[in-house]
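Order of appearance sets the numbers: ligands from 1, and atoms from 1 within every ligand.
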Amino acid sequence: MSIKAVILAAGKGTRMRSSKPKVLHEIGGIPLLQHVLNTVKQMDDAEALVIYGHGGDQVIETIDHDGEWVEQREQRGTGHAVQQALPFVDTDDTVLILYGDVPLIQQETLNKVLHHGKNNEVGLLIFNMDDPTGYGRVICDHNGNVQKIVEQKDATDHELQCQSINSGIMSVPGGKLHQWLTDLKPNNVQGEYYLTDIIHMAVKDGVKVNTESVMDEAEITGVNDKMQLAQLERAYQQRCAEQLMQQGVTLLDPQRFDLRGCITDLGQDVCIDVNVILEGKVLIGQHVRIGANCIIKNSTIGDHVEILPNSVIEDAEVGANCVIGPFARLRPGTVLGEKVKIGNFVETKNVNINAASKVNHLSYIGDATIGANVNVGAGTITCNYDGANKHHTTIKDGAFIGSDTQLVAPVVVGENATIAAGSTITRDAPDAQLTLSRVHQFSKDNWKRPKKKS
Ligand code: UD1
Ligand code: CA
């Protein structure tokens, strides 16, 4: 006896007007179907089965799901879709039916619906809609008992007046589901096997149909087109922002914050300014300030770090007390020790920069190891690429690199070495000495500035 969550995800999603299968479109950077699977994962002892069809291989490749994948080769209706799962459903199981394109359903709601299925009755999630157009209507008798569900296309004018809609989400005892689905007939305008017909069958068999509802319409909203996708994206972002604020994060404007992934670790007293996007897996320490318009992806930000506006950080580790930006770009493989300063228009890639070193202005530092207390002057470039291969630059502790220096890798700058401004360094520079490579300066005394010919 177990709980089988059957997730319908075989539909094409024509109205998305996209080559991508509908359930792979993303909300908050996570595919629609993955949202549903993640919610099922939170429920104790529920086993998920995904009914897939359109874009099959791509769906299986993209989605993280260890459970059963069941193919529905031809899409002949929601009832037909659930029929495909029957070989995996025991008569004493409880089946929870979910939709791969209804991503924001919450675990608490599912538990309420599931409860009825466990009681050997039917649980049905409904919603009262001002404009129920397009949805199946939940028809009740005058005592308020559910009688049947009628699809929009099959409904009488009177039935169309009904504002109580079927979300599609329901729980059904396994044995009964076997029986009812076997009896389904495609006797309707669309010639499809309607899952919703089992509601009337339940009533005929004397099985009670219990309804549950939700406060937030977003929970039961399906994605059929890009408008609904955008609408649910906003609802989801609001939910994320509220959760973060409940955890103590200061969001200067919760409407202008986007999470496209998850914050796996979060310290206290984090303050996030407007238009910040966090992507993938991000870890944020305590007392971190993130300035306006920053994008941080798959990175770790240490305690007391300040990230100034317009900085872009990807696959990087930023140590405690660093100051980054404004307009800094930390590319993959950037690892910063404590108290490092990376200033404006600095790009780093595949580098280790140790404690208290500074790269403050207009530099490119790639494939390098930089020691502690190093000062890299404005306009310094590590020439790491010879057109075919990448080479490493090492700058040891306490070195001072004058402005506008080119370090032609492979090259090592010694401990406490000083490189004079404007140098092109092609050979290793020894410890503690001044190294310079620079054309000698001279002045022409008889020189005249050219004049424009008249
Ligand atoms: C369905 C319900 C309707 C309900 C609405 C809620 C039926 C007959 N109708 O209508 O009462 O108000 O959902 O959104 O169930 N799918 C498959 N295989 C199929 C057909 C559909 O996997 O053969 C999947 C789709 O990918 C989708 C879901 O089932 O995720 C719903 O199918 P859809 O065709 O959108 O049903 P609706 O007509 O919207
Ligand atoms: Ca639909």
If I apply the N/O under 3.5 Å rule, does [X] come out as touching ligand 1?
X: Tyr99; value: no
X: Ala10; value: yes
X: Gly11; value: yes
X: Asp101; value: yes
X: Gly77; value: yes
X: Arg76; value: yes
X: Tyr135; value: no

Taking every non-hydrogen atom, the tightest pair across Ser164 and Ile126: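 The pair with the smallest heavy-atom distance is OG-CD1, 3.6 Å.
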Answer side chain, backbone, both or neither: which part of [X] comes under 4.0 Å from ligand 1, heavy atoms only.
X: Ala81; answer: side chain
X: Gln72; answer: side chain
X: Glu151; answer: side chain

Candidate pair Gln246 and Glu242, rule side-chain hydrogen bond (donor to acceptor under 3.5 Å, both in side chains), full reasoning: CA-CA 6 Å; Gln246 269 156 13; Glu242 280 166 13; 5.8 Å; no
Numbered atoms of ligand 1 (with element) below 4.0 Å of [X], judged on heavy atoms:
X: Ala9; result: 22 (O)
X: Thr78; result: 7 (C), 8 (C), 15 (O), 20 (C), 21 (C), 29 (O), 31 (C), 32 (O)
X: Gly136; result: 3 (C), 4 (C), 11 (O), 12 (O)
X: Gln75; result: 18 (N), 19 (C), 23 (O)
X: Ser167; result: 6 (C)
X: Leu8; result: 22 (O), 24 (C), 29 (O), 30 (O)

Look at [X] together with [Y] and state whether they make a salt bridge at an N to O cut-off of under 4.0 Å.
X: Lys153; Y: Glu151; answer: no
X: Asp64; Y: Lys41; answer: yes
X: Glu347; Y: Arg331; answer: yes

Are any of the heavy atoms in [X] under 4.0 Å away from ligand 1?
X: Thr196; value: yes
X: Ile51; value: no
X: Gly222; value: no

Is the backbone N or O of His361 less than 3.5 Å from a side-chain atom of Ser363, with the two atoms forming a donor-acceptor pair by type?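 Yes, because the side chain of Ser363 sits within donor-acceptor range (under 3.5 Å) of the backbone of His361.
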Scan side-chain atoms only and decide if Asp205 and Gln179 contain a donor-acceptor pair under the 3.5 Å cut-off.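 Result is yes, a qualifying pair exists.
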Could you tell me whether the side chains of His392 and Asn384 share a donor-acceptor contact shorter than 3.5 Å?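 Asn384 and His392 do not have a side-chain donor-acceptor pair below 3.5 Å.
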Would you list the atom pairs, donor with acceptor, under 3.5 Å between side chains in residues 269-276 and any protein atom, with sequence neighbours excluded?
unit_1 : atom_1 : unit_2 : atom_2 : d
Asn275 : ND2    : Asn293 : OD1    : 3.3

Can you tell me if CD on Glu74 sees more than 12 non-hydrogen neighbours from other groups inside 6.0 Å?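 No, the 6.0 Å shell around CD holds no more than 12 heavy atoms from other groups.
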Would you please indicate yes or no on a ring centroid separation below 6.0 angstrom for Tyr385 and His391?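 So the answer is no for these two rings.
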Quickly, which of Gln152, Gln163, Gln161 forms a side chain to side chain donor-acceptor pair (under 3.5 Å) with Arg137? Name it, please.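 Of all the options given, the one that passes is Gln152.
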